[in-house]
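First up is the structure itself, then whatever we jot down about it.
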Amino acid sequence: MDFTEVTNPNLSENSVVGQPNSALIWRLGIEQEVSRTLNEILILAELGSDNYENTQTFFSQFLDNLDIRTTDPDIRDTQNEIARVARMAEFGLETVGPNDPNYTSAQEAEFNYFLGLSRLFAAMYFSMLPEETLGVPVASNDNYASAITSFDAAIALNALPEYHLAKARANYYLGNKSEAVNSATAALNLSSDFSRTARFDEQEEPSNTLESALYERATFDDFQPLPTLDFLDPKYSFLTVDEDTPVNYLKAEEALLILAEANLVDNNLSDAKQNLLDLINLVNERPTQTVNESGETRGNQANAVADAIRPSNSNVVVNGRSGLVLDRGRAEDTALVIPSVSGTSLTAAAVNAMTIGDDALELLYRTRQEVFIAEGIRFVDMGIKLVINENEILQNENISDGDAGTVPVIPSFIDAVKDNLDAFTYDMGNNTASTMIDLNAILVQNKSASEVLPFH
């Protein structure tokens with residue numbers, strides 16, 4: 001028996017190519033692959049940032065202390081998922097779409113968008129990745145450029161706000177301020193409250209892996225947020241057995257934050273304030289999720305190790321600020337309302353009090369951290385890059401161990417504090433907590449570094 005020969009007609013290429021509405025079906029398949037890709041990306045990116053501490057290592061063994069290895073199977077799977085999205089998008093553009101009698105320009109636009117999205121993810125999370133199977137590694141800036149080309153192709157066919165925002169993000173991280181502003185503005189002109197979501201299915205798969213880490217594994221408490229972010233946790237929680245919590249991976253908030261940062265850099269304080277006031281209004285209009293946290297102990301059980309105990313009552317003041325910690329773990333605390341798309345501690349009073357300078361940038365980056373929590377953005381804002389995986393190194397003759405792309409990129413000012421990214425002190429008796437470092441201040445202090453604050 002030849003196990004390499006496909007004998008099931010439902011699994012052959014001919015069962016897809018040339019069939020009516022095959023492009024629609026193929027697009028839905030790529031959507032599912034994007035969800036799988038985000039499952040891989042978000043676990044690593046959120047652990048590698050200062051957003052969460054990994055208390056169980058159930059989901060990752062290394063990233064919490066920025067231990068980035070070519071042998072890490074999670075990094076391998078992340079690279080492979082990004083490549084699958086690209087291959088599927090290319091197959092849609094080259095084969096499935098042109099042979100579908102019902103092929104539309106909107107479907108072609110989606111295939112271009114997905115190809116651009118794969119290049120965007122490659123650039124955001126890796127310093128170098130091949131764009132072709134066993135190809136020459138491509139630098140992140142070139143992957144960003146390839147992403148922009150694909151997004152332009154999508155926009156030409158069917159302009160959607162998320163296409164413009166994806167292009168804006170690529171230009172943002174390239175440091176192309178005027179191009180990022182133009183694309184962010186174009187996105188908002190089409191819709192002031194859009195969001196592109198990756199959907200998950202609790203029964204049929206893929207389920208939302210980060211949701212399991214944040215909520216469904218309950219008292220295992222796998223991912224615990226920094227106390228300054230407690231009010232945003234869990235961003236993802238159980239919906240139904242048929243639908244797991246979606247991830248809003250491109251949303252209008254990002255466009256407003258890009259515009260605000262550009263205006264601050266240009267010393268246009270009034271417009272930057274208006275951008276942030278618009279952001280507050282948008283965040284306040286976003287949906288929330290009522291979450292049962294009666295079983296969430298934050299490590300405060302009777303036999304807990306002292307340094308594992310975390311703030312879990314609303315009287316706690318963190319870094320001199322109140323309102324950041326919620327009441328958890330008691331029977332009466334079963335109905336906490338948590339932002340499910342975006343949340344922030346930013347207030348209109350804080351915006352109106354802003355002046356041009358580093359304090360304003362720190363406030364903006366604190367807001368970026370809050371709005372994008374559990375979306376994989378903070379990791380990129382920190383300037384960190386993952387490595388090409390060992391399988392690729394061994395099989396691809398264009399890559400050798402030690403080459404660019406096989407060595408992690410960690411800015412020196414991040415490396416110096418990596419052991420304290422999630423660290424804080426907590427005085428239970430006085431209801432006070434303090435983070436060991438202020439990473440937003442560190443990022444702004446190093447704004448001239450090439451890895452961070454791309455508009456500087």
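Inspection of the D327 and S314 side chains reveals an N or O donor paired with an N or O acceptor under 3.5 Å. Defined by atom type and a distance below 3.5 Å, a donor-acceptor pair is missing between the side-chain atoms of N65 and D419. Using a 3.5 Å distance cut-off with no hydrogens or angles, the side chains of E362 and N440 do not pair a donor with an acceptor. For the residue pair E370 / S345, a side-chain donor-acceptor distance below 3.5 Å is found, with atom types taken as modelled.
From D77, atom CG reaches atom CD of E40 across 4.5 Å, with rounding to the nearest 0.5 Å. Within the model, atoms CD1 of I148 and CD1 of I155 stand 10.0 Å from one another, a figure rounded to the nearest 0.5 Å.
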Evaluate side chain to side chain donor-acceptor pair (under 3.5 Å) for Q274 paired with D278, printing each intermediate quantity in order.
CA-CA 6 Å; Q274 189 59 56; D278 291 343; 2.9 Å; yes
Would E211 and K235 count as a salt bridge (charged side-chain N to carboxylate O under 4.0 Å, His left out) here? Give the steps.
CA-CA 8 Å; E211 185 270 328; K235 187 166 191 173; over 6 Å; no
Step by step, work out the salt bridge (charged side-chain N to carboxylate O under 4.0 Å, His left out) result for R76 and E392.
CA-CA 9 Å; R76 175 201 64 206; E392 181 85 29; over 6 Å; no
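With I442 as the fixed residue, the side-chain contact (heavy atoms from CB on, under 4.5 Å) test singles out one of D438, V444, N446: N446.
Remark: D271 does not engage K273 in a salt bridge, criterion side-chain N to carboxylate O under 4.0 Å.
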Distance-only check: which donor-acceptor pairs under 3.5 Å involve side-chain atoms of residues 252-260, not counting sequence neighbours?
| residue | atom | partner | partner atom | Å |
| --- | --- | --- | --- | --- |
| E253 | OE1 | R286 | NH2 | 2.9 |
| E253 | OE2 | R286 | NE | 2.8 |
| E253 | OE2 | S342 | OG | 2.9 |
| E254 | OE1 | R169 | NE | 3.4 |
| E254 | OE1 | R169 | NH2 | 2.8 |
| E254 | OE2 | R169 | NE | 2.8 |

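Under the 6.0 Å distance and 45° angle rule, R378 does not count as a cation-pi partner of F372.
Taking all atoms of both residues into account, the shortest heavy-atom contact from Y125 to A45 is CE2-CB, 3.9 Å.
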